[in-house]
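Order of the sequence lines fixes the chain letters, A, B, ..., with proteins taken first and strands second; residue numbering starts at 1 for each chain.
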Amino acid sequence: MISSAVTLQLPALQVALPLISAPLGLLLRRHRLVWALAVVVCWMSLAISWLLLQQVLAEGTISYAMGGWAAPWGIEYRIDAVNAYVALIVTGIASVVVPYARRSVEQEIDEGRITYFYVLLLLCFTGLLGMTVTGDAFNLFVFLEISSLSTYALISLGRDRRALTAAFQYLIMGTIGGTFVLIGVGFLYVVTGTLNMADLADRLPEVTQLRTLHTAFAFLVVGIGLKLAMFPLHLWLPNAYAYAPNAATIFVAATSTKVAVYALLRYIGSVFGPVISYEDVPFGEIAIILAVIGLLSCSFVAIFQSNVKRMLAYSSVAQIGYILMGIGLASKTGLMASLLHLFNHALMKAGLFMAVGCMFYRIGSVRLDDLRGIGHSMPWTFAAFVLGGLSLIGVPLTVGFVSKWYLVLAYLEQDLWPLAFVILFGSLLSVIYVWRVVEVAWFESPSPRAAEAREAPLAMLVPTWILLLANVFFGVQTELTVGVAGLAAQILTEGLR
Amino acid sequence: MKKPLVAVTLAAAAVPMLIGVAALPRPGDPTAPAHTHVAAHYIEAGARETGADNRVTAVLLNYRAFDTFGEVLVIFAALAAVIAVRSPATPGGRADDMPGPGPGLPISPVVAFIIRLTAPFIALFGAFVIFRGHVSPGGGFQGGVILGALLVLLSLVLGRGAERPLLAVPLARWLQAAAPLAFTGVGLLGLALTGALLGYPAEPERHALRELMMITLDVGIGIGGAMIILGLFLEMRGD
């Protein structure tokens, strides 16, 4: 009885729990307490999203009416396999990153600001979960604002003074993106009179002749494209990732762009549908062209970076290229590959940034020069980096292989073998930039800083290895991810009719 | 180099936008979808279903209350962001969170007198706007801004310096979080009474409770909004 009552509330609790805890965090004032609160909230959220996913797999779509107001009048929270899966990514990453963050944050952030760091992290977590779980177009915008605003502040807390300009740059770009999304939602409301996504999907076919609809689509895609760092709208990302505090970089890199990709998929698959997205507007072709250019150019730029965090940031833009290539194809296998890569890229990039964060913790730098010989003084940390690198390249038995396999398959299905070759060539480029780090860290004589370094503390090493072992686990045991991603792709393609 | 690029970018955004606007229904067209679907329901059934005589409040605190919850968190996030960026490096560093006159120009006695003279009227008007919110135009956000402006004015003439803030910092924190806290309380009460987060009891005999819940939200938004405006002002004035 009690458990069924709680089950009914899970969709609301998924967002309400972090939502309520963020202001409470500010009242606690002792930063250790705020950290403990954040850990508990993240773990509870993970449990909730796991239960929701099980429920969705067993019973189908869940709908929750906020405040008891039925769908088009009130705000609906609507959970299907697609967003249950994305919520699991966000909560899973948060559950590992927040425990890891304590030591890292205590070292990198001034003591008086640590409380605010966790409050902002909780706000960002709330925003991303809200965007994921909501079934309402305007509610998505509200949570987009919460996550963006807190992300700007998180980035600005970096120790490097350049973090401030990076945060400001992202603030400008992100605000433009948010405004575009709002304009898009506004147009949608004017032509349909509703904000509920399912209701929008029902009413849009009646007004397809209106040019306003195409304008709305364009504004939404560009606005969300800014948030997900779609090439060439990615310019804010490298500096933001490079200069943010390590814990913030890990969390934002692994979750924020993923949720933006989800929002794009949701609008294309569940709101606009195929006629507008792929036939009236050449979205698929544009996405693939931009994805390929972004993939190749950013992988290439990554090779020449001397700051490892910046290198990984460029690699992130390249990886988003893979995800967009799958979306551009509009086939079930393509969407499935994209969804798989959301999960898998979150795992590998979080793992890599965590390993880099461990190195920063000991030597205070992530420049390639200072990392010379680090593989000998921090063997466990560097082994983690290598494992993450292998996953990034897409070596079999890691998650990177799984998603690239399905992506290549999707392109071969359509006889687009030149593009399948591009995917493999991108992997080759990632071999080069990962190898550069390995070469420096293992085969060069230690830099003065690296020679003095000890292995990272267990409080950081254990979460790092949990994520990297997850890279291997989900690379071998593909049942959960492939199964859910397949189901989610099915739902989205059905939306595409 | 940069200027033509800016012009091209702006044109690229403006042209599709104008095309989109051109195809919109005529403003005020009663047959436009924006007036016939959800909005029509709000106008027709809003007062009856929500118990809020003002339709805007019916949407703001009832149908789309969760959006409002999100919006108060946006404002709260803005304050948290500003404090995080501007706060002192060590906890005991400097209590610059609360009222205190900057070392800037002294306030002219005329200005100080006018501020003191008008303060009670501004406060009364702010409270009026907040409390009338559920029956007439107004509400927590508008009233909160009025009160916030009053607090900013008062902090100019009444402040006692950064060392001795008017309100203790922990108390100020509670008041700054008033809006999310009010939503949390009312939301959970609604959950207990109706089984839906932010739900309101629908029974006619509970109408008073329903109004009280809405007023609590409005007061929370008002106090929280006012304190956040003051907080932003004090943090950003750069003394």
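- Atom-to-atom distance recorded for A:Ile75:CD1 and B:Leu197:CG is 11.0 Å, nearest 0.5 angstrom.
- Of the residues considered (B:Pro170, B:Pro25, B:Ala34, B:Gly199), B:Ala34 shows the highest number of contacts with chain A, using heavy-atom pairs under 4.5 Å.
- Within the 4.5 angstrom heavy-atom criterion, only side-chain atoms of A:Phe219, from C-beta onward, approach chain B.
- Neither the backbone nor the side chain of A:Phe217 comes within contact range of chain B, judged by heavy atoms closer than 4.5 Å.
- Neither the backbone nor the side chain of A:Asn196 comes within contact range of chain B; no heavy atoms are under 4.5 Å apart.
- In this structure, the side chains of A:Met66 and B:Arg64 stay at 4.5 Å or more apart for every pair of heavy atoms.
- Contact of A:Ile109 with chain B is not made at all, since no heavy-atom distance falls under 4.5 Å.
- Both the backbone and the side chain of B:Ala13 come within less than 4.5 Å of a heavy atom in chain A.
- Both the backbone and the side chain of B:Phe66 come within contact range of chain A, each with at least one heavy atom under 4.5 Å from a heavy atom of that chain.
- Going from atom CG of A:Leu13 over to atom CG of B:Leu191 covers 7.0 Å, rounded to the nearest 0.5 Å.
- Contact count versus chain B (heavy atoms, under 4.5 Å) is highest, among A:Ile114, A:Val191, A:Val15, A:Leu8, for A:Val191.
- Only the side chain of A:Leu27 comes within less than 4.5 Å of a heavy atom of chain B; its backbone N, CA, C and O stay farther away.
- Counting all heavy atoms, side chain and backbone alike, B:Ala84 lies closest to A:Leu157 at O-CD2, 3.6 Å.
- Scanning all heavy atoms of the two residues, the minimum distance from B:Ala77 to A:Leu149 falls at CB-CD2, 4.1 Å.
- By the 6.0 Å contact criterion, CZ on A:Arg161 is open, its count of non-hydrogen atoms from other residues, nucleotides or ligands being 12 or less.
- Between chain A and the options B:Ala202, B:Gly195, B:Gly190, heavy-atom pairs under 4.5 Å are most frequent for B:Gly195.
- Considering only heavy-atom pairs separated by less than 4.5 Å from chain A, the leading option among B:Leu181, B:Asn62, B:Asp67, B:Val74 is B:Asp67.
- With respect to chain B, the highest number of heavy-atom pairs below 4.5 Å among A:Phe143, A:Phe180, A:Phe187 belongs to A:Phe187.
- Across B:Glu71 and A:Phe138, no two heavy atoms sit closer than the pair OE2-CZ, 4.2 Å.
- With a 4.5 Å cut-off on non-hydrogen atoms, A:Leu26 touches chain B through its backbone and its side chain both.
- Between chain B and the options A:Cys124, A:Ala153, A:Ser148, A:Gly67, heavy-atom pairs under 4.5 Å are most frequent for A:Gly67.
- Shown here for B:His37 and A:Pro72, the closest heavy-atom pair between the two residues is NE2-CB, 4.3 Å.
- Using a 4.5 Å cut-off between heavy atoms, B:Phe183 does not touch chain A at all.
- Using a 4.5 Å cut-off between heavy atoms, A:Tyr152 makes no contact with chain B at all.
- Listed here is the closest heavy atom pair of B:Ala80 and A:Leu120: CB-CD2, 4.1 Å.
- For A:Leu24, the part lying near chain B is the side chain, with the backbone staying farther off; criterion is any non-hydrogen pair under 4.5 Å.
- Most heavy-atom pairs under 4.5 Å with chain A: of the set B:Leu73, B:Thr194, B:Leu198, B:Val85, this distinction falls to B:Leu73.
- Of the two parts of A:Phe117, neither the backbone nor the side chain holds a non-hydrogen atom closer than 4.5 Å to a non-hydrogen atom of chain B.
- Looking at A:Leu19, the atoms closer than 4.5 Å to chain B (heavy atoms on both sides) sit in the backbone and in the side chain alike.
- Rounding to the nearest 0.5 Å gives a distance of 5.5 Å between CD1 of A:Ile20 and CZ of B:Phe69.
- With a 4.5 Å cut-off on non-hydrogen atoms, B:Val82 does not touch chain A at all.
- Per-residue heavy-atom pair counts under 4.5 Å with chain B were compared for A:Leu123, A:Thr192, A:Val119, and the maximum is reached by A:Thr192.
- Of all the listed residues (B:Ala32, B:Ala177, B:Ala81, B:Gly187), the one sharing the greatest number of non-hydrogen pairs under 4.5 Å with chain A is B:Ala81.
- Between B:Tyr63 and A:Trp73, the distance separating the two ring centers is not shorter than 6.0 angstrom.
- Of the two parts of A:Leu195, only the side chain, counted from C-beta on, holds a non-hydrogen atom closer than 4.5 Å to a non-hydrogen atom of chain B.
- Contacts between A:Ala65 and chain B at a heavy-atom distance below 4.5 Å involve the backbone alone (N, CA, C, O).
- Of all the listed residues (A:Gly74, A:Gly68, A:Ser156, A:Pro23), the one sharing the greatest number of non-hydrogen pairs under 4.5 Å with chain B is A:Pro23.
- For chain B, no part of A:Thr134 is nearby; none of its heavy atoms comes within less than 4.5 Å.
- Using modelled atom types, no side-chain atom of A:Thr215 and backbone atom of B:Met17 make a donor-acceptor pair closer than 3.5 Å.
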